[in-house]
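Here's the structure we're looking at; comments come further down.
Every chain is numbered from 1 and lettered A, B, ... according to where its sequence line falls, protein lines coming before strand lines. Small disclaimer: the values here were computed from a predicted structure and weren't measured.
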Amino acid sequence: MRFFEFESRRILAREGIPLSEHGFATTPEEARRIAGEIAGPVVIKSQVLTGGRMKAGGVRFADTPQEAGAHARDILALEINGHMPRGVLVDARAAIKQEYYAGVIYDGVRKLPTFVFSDMGGIDIEEVAAAHPDHIGRGHFSTILPHMDFRAKDVVAAVGVTGSELNRLTPILARLGQLFVKYDMTLAEINPLAQLEDGTFVAVDAHMDMENEGRPRQHELLAELGVGGEETREAREPTEFEIKGEEIDAADHRGVAGNVTEFEGNLGLVIGAGGGSLTLFDAVQALGGKPANYCEIGGNPSVSKACNLTKLVLSKPGVDKIAVMMSIVSNTRVDIVARGVIKACVELGHDPAEKIAIFRIPGAWEDEGFKLLERYGVEYCDRSVSMHEAARRAVEKVASADGRSAADEPRLEGRTSGEVEEV
Amino acid sequence: MAAMFIDVEVDESIHADAEMAKKLEQVCPVDIYAERDGRVAILDENLDECVLCELCINAAPTGSVRVRKLYDGTALGD
């Protein structure tokens, strides 16, 4: 979940990271009052959860409180990329000597948080990484071992910062790392981190994303920020398809049919099992397939839950077939899922043998499941067929139905039918 | 829509047994049975949720409850 800039600043302040003088306003009057208290030039920034604020006119400069109030009035009425602002941030327009970037991200490959620091702040860090890789320092740190400031110091020093600047920047990056772990963040960045004319450093803009699953643990912080449980704070608003997916999951406590995400493709996916969903989704894409959706089934969903999810996927315009695939399951019954997907096809007036491109769920009660699938003529496979091979068969079936040659589809090297999967 | 995969047969000898009806309602994990006016009622909408646990078969006198698998023609409790 994403935080507004004013919320990110409150989190920074909570952890003792210095900030430029600022205030949050929801009315022009409040903005004028805050600008008066700052007693100097200010920047008025729209508080929206989308990019492109500056380009859209959501960031304006004011020299007087009256001007600040007028700008706030305009910005509060300004829609940016379909988002109305939550309010405006009134920020002191500081005399900046140099801009830096300080961030912490999660490295999914190393499975460790990573410090990122650059002496080229104020622009997208991706641009810096592409054009000036020597101006970026990086370093992993542990989420288990005690926090060590020297790791942050190494990263700052990697871009050539020395002396008192190094000593002042190190605790800022170190605290950013600490709050990243403490608040279950997936991203915490200050950009720019400004060095003022007097040599001190302040955060001028901040961006933070929290792991959704961390929300129950972070209720104290969220309550302090006034973030309601009904606010999804996702990168985009959920689609009608995704909302229906959530409703299906919520309506029945048995098992999981979650994280339903809509895509534009024609192959519906009923997939799951501890990482199996991601692996299978990636496999379909790598093989040239076009997923219509992502989802995660598991934990032994009821027949009706599997049925309703399948109906949702099959009802999506453009979906030709579905692939029902999981890794090897021990806590989900194969026969129950088989009943659910077959029932969905039949109740929608489809032939399961036509609509289900492949059923590849090996595990508990698979023999009973395979009897059902045979009864309805559905192609299925057991654990001797890898997830990638199952995905390939599904992609080929959809391609054949589309009139395209399956031979045209890219294939993963080294994967053949009947390969025993390593689990 | 009627059940596609599972059917349950309850012998006449226990149909009007209120205690047995309550017992079946209690043991079934997916609410296929209910006690209605002192009789055993089968909730058709839940039949396909049957997990073949045989708790109903074990709770009732031998041979008085059968769970039929419509997809392969076999039955539990025969």
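A distance of 9.5 Å separates CG of A:Asp335 from SG of B:Cys50, quoted to the nearest 0.5 Å. Note that OH of B:Tyr71 is 5.0 Å distant from CZ of A:Arg339, once rounded to the nearest 0.5 Å. The CG atom of B:Asp48 sits 11.0 Å away from atom OG of A:Ser302, with the distance rounded to the nearest 0.5 Å.
Near-neighbour residues of residues 305-322 of chain A relative to chain B, defined by a heavy atom under 4.5 Å from a heavy atom of that chain, are none.
Closest non-hydrogen pair, A:Trp365 versus B:Val51, comes out as CH2-O, 4.0 Å.
Looking at B:Asp72, only its side chain comes within 4.5 Å of chain A, counting heavy atoms on both sides. For chain A, the nearby parts of B:Leu52 are the backbone and the side chain; heavy atoms of each come within less than 4.5 Å.
Looking at B:Lys69 and A:Glu368, a side-chain N of the basic residue comes within less than 4.0 Å of a carboxylate O on the acidic one, giving a salt bridge.
No more than 12 heavy atoms of other residues, nucleotides or ligands lie within 6.0 Å of CG in B:Asp37, so this atom counts as exposed by the packing criterion.
With respect to B:Met4, the side-chain contact (heavy atoms from CB on, under 4.5 Å) criterion is satisfied by exactly one of A:Val346, A:Val303, A:Leu372: A:Val346.
Sequence neighbours left out, the pairs with a member in residues 57-66 of chain B that pass side chain to side chain donor-acceptor pair (under 3.5 Å) are B:Glu9-B:Arg66.
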